Amino acid sequence: MLKGFKNFLMRGDIIVIAVGLVIALAFSTLIKAFTDYVINPIVARFQGGDSAGLGWQLGEEGNAATYIDIGEFISALIYFLIFVAVVYFLIVVPYKHYQARRGVTVFGEPGPVKTCPACLAEDIPEAATKCRYCTSQQPSMGALV
């Protein structure tokens, strides 16, 4: 049992995913600091004056629980976009190129699909001879044309 678990963990794809996750977490900390200390002050400055940020106070002045902080939302959105871009360009793109050199297609377009006439499932691969859901025989590709 432990040997099977060890073999599962030592597969190349699991190691690549684990390394990618660690790198993504490290970039997350860096990007969070960038948005907290660079983007947030810029967004808060758009409110003007000595306001707490870009937003509106709904209740008693100074009550943080009733302050709608649009600036924090904008900062979180910027953080998300930067983080996704970093993960894509520093992890996904190199991984795709690495796998392409090995002859493996990853993150590619899905192949053509057909609809099962028995259960109306719309995601059956075009070359399938049986439906994965209802196991009914599928017409050949030539019969669908």
Side-chain angles (χ1 to χ4, degrees), residues 1-47 51-60 63-145:
M1 184 167 117
L2 290 177
K3 183 178 178 183
F5 183 67
K6 177 185 171 193
N7 290 341
F8 169 74
L9 287 179
M10 298 314 282
R11 287 181 31 202
D13 293 341
I14 298 294
I15 302 300
V16 169
I17 291 170
V19 169
L21 180 62
V22 169
I23 291 170
L25 290 174
F27 276 115
S28 173
T29 304
L30 182 65
I31 295 166
K32 179 75 172 138
F34 176 74
T35 56
D36 284 348
Y37 301 114
V38 176
I39 301 296
N40 284 356
I42 293 170
V43 171
R45 181 66 183 118
F46 284 114
Q47 178 71 22
S51 174
L54 183 60
W56 302 274
Q57 184 70 47
L58 297 179
E60 184 179 319
N63 185 357
T66 60
Y67 186 75
I68 297 177
D69 197 350
I70 302 299
E72 283 294 322
F73 177 74
I74 292 170
S75 295
L77 184 62
I78 292 170
Y79 169 84
F80 174 76
L81 293 174
I82 293 172
F83 183 76
V84 169
V86 166
V87 168
Y88 180 75
F89 288 112
L90 294 182
I91 296 174
V92 174
V93 170
Y95 181 70
K96 282 174 63 174
H97 289 293
Y98 171 74
Q99 291 294 64
R101 282 188 293 180
R102 293 180 55 210
V104 178
T105 302
V106 292
F107 307 118
E109 291 294 319
V113 294
K114 62 183 175 184
T115 302
C116 174
C119 70
L120 302 178
E122 297 178 344
D123 61 343
I124 310 299
E126 196 171 275
T129 57
K130 282 192 171 189
C131 176
R132 72 175 79 170
Y133 303 109
C134 68
T135 67
S136 66
Q137 285 296 120
Q138 296 296 303
S140 66
M141 289 187 293
L144 291 176
V145 177

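Here the structure is a predicted model, which is why all the values come from computation and not from measurement.
- To the nearest 0.5 Å, the span separating CG on L25 from OG1 on T29 amounts to 7.0 Å.
- Remark: A85 pairs with F89 by the side chain to side chain contact (heavy atoms under 4.5 Å, CB included) rule, at least two apart or across chains.
- Looking only at distances, no side-chain donor or acceptor of K114 sits under 3.5 Å from a matching main-chain atom of Q138.
- Between the CD1 atom of I31 and the CD1 atom of I78 there is a distance of 12.5 Å, given to the nearest 0.5 Å.
- Partners of Y133 under the side chain to side chain contact (heavy atoms under 4.5 Å, CB included) rule, at least two apart in sequence or in another chain, are C119, A121, D123, I124, C131.
- In this view, T129 satisfies the side chain to side chain donor-acceptor pair (under 3.5 Å) rule with no residue, not counting sequence neighbours.
- Using cut-offs of 30° and 60° on the angle between ring planes, the pair F83 and Y79 is parallel.
- The side chain to side chain contact (heavy atoms under 4.5 Å, CB included) test applied to L90 returns F27, V86, not counting sequence neighbours.
- Taking K96 as the reference, Y88, V92, V106, F107 meet the side chain to side chain contact (heavy atoms under 4.5 Å, CB included) condition, with sequence neighbours excluded.
- The distance from atom OG1 of T35 to atom CG of L81, rounded to the nearest 0.5 Å, is 11.5 Å.
- For K130, the side chain to side chain donor-acceptor pair (under 3.5 Å) criterion is met by no residue, not counting sequence neighbours.
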